[in-house]
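Since the structure is predicted, the reported quantities are computational estimates derived from the model, not experimental observations. Proteins come first, then strands; the chains are lettered A, B, ... in the order of their sequence lines, and each starts at number 1.
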Amino acid sequence: MCVPLKALLVSLKTPSHCTKKLDQTLAQTIITGLIYTNKAWNTILRAYSKTNKPIQTLIIYNHFIQSNSIYPDNYTYPVIISASARLHCVPKGKETHARVVKVGVDSDLYVQNALIYFYGFTGLLRDARQVFDTMCGRDVTSWNTIIGCYGGKTSLRTEMMILFRGMVCEGVRADRITMVILLTVCGQSRGLEFGRVIHGYIVKMGMEYELNVENALLDFYIEMGRIHMAREIFDGMAEKDIVLWNSIIHGYVKEKRPEEALELLVYMENELVQPDETTIVSLLTACSSLSNLKCGRHIHRIVLRNNIKQDLFVQTALINMYFKCGGLEDAMIIFFKMKHKDVFTWTTTIEGLARSGFETKALKLFNQMEKQGTRPNEATFVSTLTACRQAGLVDDGCRLFKRMIEVYEIQPSIEHFTSLVELLSKAGLLHQAEEFISVIVPQERLIAYKTLLSACMSYSEINLGLKIADKLLHLGSLSNEVYVLLSNFYAEAGLWYKVEETRKAMKEFNMRKQTGVSYIELPSSRKLP
DNA sequence: CTAGGGTTAG
């Protein structure tokens with residue numbers, strides 16, 4: 001291998017911060033015609049495909065096929081096919097498929113596996129299946145790839161299960177990657193039973209205590225809400241890596257058991273395991289849900305002390321934590337210091353400001369966000385509508401609602417509708433509010449009806465109120481609280497016989513009007529870090 | 001020399 005090429009490969013292995021330089025070196029190498037074997041071309045292509053730059057891979061490939069008297073071979077095509085897949089470039093993949101047939105390497109195992117991946121990844125499941133079904137000598141990668149295809153967007157779990165059985169029947173030994181793929185899909189598609197079958201297989205094949213497999217298993221049980229099972233697996237692991245720690249901590253946060261998540265930090269420190277960015281994000285979320293500022297600051301100090309990289313995730317989680325714990329100024333300091341913000345950063349801050357009573361400021365931030373070119377998403381609009389609702393900004397609320405649908409083509413969710421109904425109701429625009437309720441799917445109308453009925457009471461709109469009360473009663477299986485609201489409304493309207501009826505109905509549901517109780521959180525006596 | 005999987009924020 002010539003010297004410039006070697007230098008190139010060295011620079012390819014270095015992190016991506018010097019890509020510009022790298023591309024120049026490469027261009028020069030290509031122009032000066034120093035790559036004169038297809039093996040060398042393949043080496044470059046492989047290195048490039050690993051840097052997650054499929055477009056570059058294809059550009060280099062174009063140079064390759066233009067060069068005289070050296071040709072791509074069976075080592076080249078898998079890289080090209082995989083790059084086409086990652087680019088979602090169907091024509092390029094199909095073209096390459098045609099080419100491999102033409103040059104006669106279409107029966108190469110690696111080429112075929114790459115083709116399965118390409119078709120599966122681009123959603124052409126039938127084509128993927130055809131390659132898979134017609135090939136002979138399938139190996140474990142072929143099986144993993146086709147199984148992975150079925151676990152994609154469509155998540156055809158039954159199909160996947162049949163394939164897995166087929167694999168076992170053919171005597172192909174599933175490996176740890178098979179297990180990870182299957183468990184991930186089971187977790188995402190709520191396939192508890194199938195996941196348990198996989199767990200059994202793992203034990204039978206002696207794949208327990210393999211970190212990757214056990215981590216996938218742990219995630220699976222966490223996804224299924226089986227934190228106890230996840231903990232059992234966690235405790236049983238002799239060697240724990242950071243991912244395993246992160247998963248179990250995230251599990252407790254997800255299960256709304258933040259104290260236990262924070263407790264794990266202590267164990268982690270005892271075992272001299274350093275938390276990383278992911279750990280920090282989960283721990284900050286735990287502090288947020290506890291509204292424990294002291295604890296949040298402690299985590300922040302860990303970030304500073306351990307030189308943990310303050311990436312977008314960490315910074316956004318910090319902002320969120322400070323808002324939820326009442327550290328508004330700290331939240332804003334971090335926000336303003338950030339050079340690069342994404343939609344999550346903006347949304348967290350907009351929501352935080354809205355919840356802290358700075359609704360106008362929140363809306364200003366939304367405008368800034370749009371000006372800056374960040375596309376708001378569903379959650380961003382939940383936050384902005386919350387701001388409008390709280391401050392009674394009817395015009396802004398309606399404008400934003402319209403903008404969400406017309407400019408950003410976001411389908412309004414129940415939350416958006418409910419917010420808007422509340423905004424209109426509180427402003428006394430009761431009939432408009434009613435119109436919006438009719439767009440909500442019937443089974444989700446409860447909150448909106450409640451809001452509107454309360455508004456009817458405060459605006460003494462008895463006729464509309466009666467209509468809404470009727471609709472509420474038709475929903476059936478109402479809670480205690482709703483019955484109280486109804487009877488209060490009837491009392492307000494002076495319809496005492498209706499009050500009586502409501503109380504009777506309430507009794508029938510075996511409920512009693514409860515004394516008003518509210519709960520406040522006392523500082524935890526438990527020792528937290 | 002080539003193909004396939006995985007944790008975190010609103």
Side-chain angles (χ1 to χ4, degrees), chain A residues 1 9 37-47 49-50 72-83 85-86 105 108-118 120-121 131 139-149 151 175-185 187-188 211-220 222-223 241-251 253-254 275-285 288 311-321 323-324 342-352 355 376-383 386:
Chain A
M1 201 185 289
L9 288 175
T37 62
N38 55 6
K39 199 172 160 183
W41 277 109
N42 288 343
T43 311
I44 295 170
L45 286 169
R46 175 165 39 92
S49 70
K50 283 195 172 143
D73 60 7
N74 56 318
Y75 288 97
T76 319
Y77 295 115
V79 181
I80 304 310
I81 295 165
S82 152
R86 281 199 293 266
V105 291
D108 181 276
L109 180 65
Y110 285 81
V111 170
Q112 287 175 321
N113 286 347
L115 281 169
I116 300 171
Y117 174 70
F118 162 72
F121 197 78
V131 176
D139 70 350
V140 64
T141 300
S142 322
W143 284 99
N144 287 348
T145 311
I146 193 75
I147 287 172
C149 293
D175 65 2
R176 53 198 184 84
I177 291 171
T178 325
M179 299 298 105
V180 173
I181 297 170
L182 290 169
L183 286 168
T184 307
V185 176
Q188 285 160 355
L211 268 174
N212 287 336
V213 175
E214 289 307 283
N215 190 40
L217 197 57
L218 201 121
D219 286 336
F220 161 72
I222 286 169
E223 275 297 308
D241 68 352
I242 186 69
V243 178
L244 208 66
W245 281 99
N246 289 346
S247 293
I248 195 74
I249 290 173
H250 162 244
V253 176
K254 188 174 173 286
D276 70 355
E277 290 82 5
T278 308
T279 330
I280 294 299
V281 170
S282 292
L283 291 171
L284 285 171
T285 312
S288 305
D311 61 11
L312 265 175
F313 276 75
V314 172
Q315 287 174 312
T316 307
L318 276 168
I319 292 174
N320 184 44
M321 179 278 290
F323 271 123
K324 297 262 162 72
D342 72 354
V343 61
F344 294 106
T345 320
W346 288 100
T347 304
T348 306
T349 312
I350 291 168
E351 196 214 334
R355 282 167 60 128
N377 63 20
E378 217 188 288
T380 319
F381 281 103
V382 172
S383 305
T386 303

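- What you find for Met179(A) and Val213(A) is that their closest heavy atoms are CB-CG1, 4.2 Å.
- Across dG4(B), dT2(B), dT7(B), the shortest atom-to-atom separation from the side chain of Thr145(A) is found for dG4(B).
- For the residue pair Ser142(A)/Asn113(A), the side-chain donor-acceptor check at 3.5 Å is satisfied.
- Out of dG6(B), dG5(B), dA9(B), the shortest distance to the side chain of Val281(A) is found at dA9(B).
- Within 3.5 Å, no donor on the side chain of Asp241(A) pairs with an acceptor on the base of dG6(B), nor the reverse.
- Within 4.0 Å of Asn74(A), counting heavy atoms only, lies at least one base atom of the nucleic acid.
- Within 4.0 Å (heavy atoms only), Leu312(A) reaches at least one base atom of the nucleic acid.
- Residue-level contact check: Asn38(A) touches neither bases nor backbone, having no heavy atom under 4.0 Å from any strand.
- Set against dG4(B), dG6(B), dA9(B), the side chain of Thr184(A) has dG6(B) as its closest nucleotide.
- Centre separation under 5.5 Å together with a plane angle under 30° does not hold for the ring of Tyr75(A) and the six-membered base ring of dT2(B), so they are not marked as stacked.
- For the pair Asn42(A) and Thr76(A), the tightest heavy-atom approach, listed with the atom from each and the gap, is OD1-OG1, 2.7 Å.
- In this structure, the CD atom of Glu214(A) is 21 Å from the P atom of dG5(B), given to the nearest Å.
- Asp342(A) comes within contact range of at least one nucleobase, with a heavy-atom separation under 4.0 Å.
- Atom CG in Asp175(A) sits about 14 Å away from atom C1' in dG6(B), given to the nearest Å.
- Nucleic acid contact for Val79(A): sugar-phosphate only, since backbone atoms but no base atoms lie under 4.0 Å from a heavy atom of the residue.
- No donor-acceptor contact under 3.5 angstrom links the side chains of Asp219(A) and Thr184(A), judged on distance only.
- No hydrogens or angles were tested; on distance alone, nothing pairs the side chain of Ser247(A) with the base of dT7(B) as donor and acceptor under 3.5 Å.
- Nearest heavy atoms, Pro72(A) versus Tyr77(A): CB-OH, 3.6 Å.
- For Ser282(A), counting side-chain heavy atoms from C-beta on, the closest listed nucleotide (dT8(B), dA3(B), dG5(B)) is dT8(B).
- Nearest to the side-chain atoms of Asn246(A) among the listed nucleotides dA9(B), dT7(B), dA3(B) stands dT7(B).
- Contacts of Thr348(A) with the nucleic acid, taken as non-hydrogen atoms under 4.0 Å apart, involve only primed sugar atoms and P, OP1 or OP2.
- Separating the CD1 atom of Ile280(A) from the P atom of dT8(B) is a distance of 16 Å, rounded to the nearest angstrom.
- Asn42(A) comes within contact range of at least one nucleobase, with a heavy-atom separation under 4.0 Å.
- The distance between atom CZ of Phe220(A) and atom C1' of dG5(B), rounded to the nearest whole Å, is 16 Å.
- Going from atom CZ of Arg176(A) over to atom C1' of dG4(B) covers 11 Å, rounded to whole Å.
- When the nucleotides dA9(B), dT7(B), dG5(B) are ranked by their closest atom to the side chain of Ile181(A), dG5(B) comes out on top.
- Within a 6.0 Å radius of CZ in Arg86(A), more than 12 heavy atoms belonging to other residues, nucleotides or ligands are found.
- Under the 3.5 Å distance criterion, with hydrogens and angles disregarded, a donor-acceptor pair is assigned to the side chains of Thr347(A) and Thr380(A).
- Within 4.0 Å of Thr141(A), counting heavy atoms only, lies at least one base atom of the nucleic acid.
- Atom C1' of nucleotide dT7(B) and atom CG of Leu183(A) are separated by 14 Å, given to the nearest angstrom.
- Protein atom CG of Leu211(A) is 15 Å distant from nucleotide atom P of dT7(B), rounded to whole Å.
- Rounded to whole Å, atom P of dA3(B) lies 11 Å from atom CD1 of Ile81(A).
- By the 5.5 Å and 30° criteria, Tyr110(A) is not stacked with the base of dA3(B).
- Judged by distance alone with a 3.5 Å cut-off, a donor-acceptor contact links the side chain of Asn212(A) to the base of dG6(B).
- Applying the 4.0 Å criterion to OP1 and OP2 of dT7(B), one finds that His250(A) has every side-chain N and O outside that range.
- Side-chain nitrogen and oxygen atoms of Ser82(A) include at least one within less than 4.0 Å of the OP1 or OP2 phosphate oxygen of dG4(B).
- The nucleotide whose nearest atom lies closest to any side-chain atom of Arg46(A) is, among dT8(B), dT2(B), dG4(B), dT2(B).
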